[in-house]
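Report on the following structure.
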There are 2 protein chains.
Amino acid sequence: MSGKFQPDTLAEAQDRFIAVWGQMGGAWGITRTMAEVHALLYVTGEPLCTDDVMDRLQISRGNASTSLRALLDWGVVSRTHKRGDRKEYFAAEQDVWTMFRSIVRERIKREVDPLLASMHEIRELTDPARRAAGLAVDERARVEAHNQRLDQLLEFLTTVERLGHRFVSPAGRGLQAAATLLASKAAG
Amino acid sequence: MSGKFQPDTLAEAQDRFIAVWGQMGGAWGITRTMAEVHALLYVTGEPLCTDDVMDRLQISRGNASTSLRALLDWGVVSRTHKRGDRKEYFAAEQDVWTMFRSIVRERIKREVDPLLASMHEIRELTDPARRAAGLAVDERARVEAHNQRLDQLLEFLTTVERLGHRFVSPAGRGLQAAATLLASKAAG
DNA sequence: CATTTATTTCAGAATCTTCTGAAACATTTT
DNA sequence: AAAATGTTTCAGAAGATTCTGAAATAAATG
């Protein structure tokens, strides 16, 4: 016993943060391990090499390599090197808003944009100019209601996509400020 | 052949929408089937019973029941009845913004709030007033850097949580308008 | 250019998630 | 209160995802 101070309190806090962050990753469609690796790099604050990650998280080399690569692709982690050391080191982006901006950018690119493209294709299937000729009136009404539903969704998704782009763009600092303000207690 | 008009163009458009919406569900942490059931109810626009869902999506009764129940819990689908019919029918919320508001409300409640609670707990582990006494200076510096990182994240998550609440609240129509405006081409 | 060191890849294993189908439960009708 | 109809639950099966570990590849060193 060494009095009030536990020498590994910091390590414990890190571990718990890693666990919680990993859990969250799972709920939002990225793998738990990938989120854990990110959490480790973020909470550590300094560059770690593959072996550091393997040892701390108790995962295989393959898994560590794959997760680090994925984090690089997302743009939330970058490579570094140490003088006189052949290994690669990895460091997480330390600014939370910048990190979040990267995540938004990638998710729009990977999920929203393809979804919008598909939705436009689907919408064209029932484009009245090309398809409605010769329909019975009730069928025509059904197609029109369908089109209204798709259009509503398309408009919504387009708004989301535009907001996202604006947030992500260099000028998007403004949106960050707006968000902070809108979320403040003052803005009633 | 019946000329230009394909009698099942509507059904094809619905099926493709269901597929695309289901796929998206997977990427955002809800099950594909649940998203498909929701897509079916949304795109159909009228109440369907369990058997309708089973037949159209080719899934088991258990799966249909569970998915519908989950959608009810999320608040994006509601129960209905038909006169002279003992079955329950299910209809999706038809307003996209209302639907999205429900999703945001639930995700904050289920994922952001618990995350914030855990983060506060973790932050307290390294609360300087209680823990820093008697640390070597370098260790103390490390703990302080750690605390700054957690605080940054906590502040960010709190902003997200507040924005979400404001969006979801009855007064949140204002935020919807703001979002639409900010995403418009006009707002340069 | 052979050796050492570091990184990536990927087939199969382990694990986790989702689905089925039948039994249990609930409700309404006769 | 028995029968008929509709709904939920859940154990095990099916399926999908993630992980391991060793082989292949790449890069640096002497």
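Aromatic ring orientation, B:Tyr42 versus B:Phe17: tilted (interplanar angle from 30° to 60°). By the 30° and 60° cut-offs, the orientation of the rings of B:Phe167 relative to B:Trp97 is tilted.
Closest approach to the A:Ile59 side chain among D:dT20, C:dC19, D:dC19 is made by D:dT20 (side chain taken as heavy atoms from C-beta onward). With C:dG21, D:dT8, D:dG6 as the choices, the nucleotide that has an atom nearest any side-chain atom of B:Arg79 turns out to be D:dT8. Comparing atom distances between the B:Thr66 side chain and each of D:dC10, C:dT7, D:dT7 picks out D:dC10 as nearest.
At a threshold of 4.0 Å, the pair B:Arg142-B:Asp138 counts as salt-bridged, since one of the basic side-chain nitrogens sits closer than that to a carboxylate oxygen.
Close to C:dT8, at under 4.0 Å from its OP1 or OP2, lies a side-chain N or O of A:Ser65.
Using a 4.5 Å heavy-atom threshold, the side chains of A:Asp95 and A:Glu93 count as touching.
At whole-Å resolution of the value, NZ in A:Lys82 and P in D:dA28 are 19 Å apart. Summarising the geometry, the separation between CD1 on A:Ile30 and P on D:dT17 is reported as 16 Å, rounded to the nearest angstrom. Rounded to an integer number of Å, the gap from B:Leu57 CG to C:dT18 P is 16 Å. Atom C1' of nucleotide C:dA13 and atom CG of A:Asn63 are separated by 14 Å, given to the nearest angstrom. Between A:Met54 atom CE and C:dT8 atom P the separation is 13 Å, expressed in whole Å. Between the NZ atom of A:Lys87 and the C1' atom of D:dA27 there is a distance of 15 Å, rounded to whole Å. Rounded to whole Å, the distance from CZ on A:Arg69 to P on D:dA26 is 13 Å.
Residue whose closest nucleotide on DNA chain D sits further toward the 5' end, between A:Arg86 and A:Ala64: A:Ala64.
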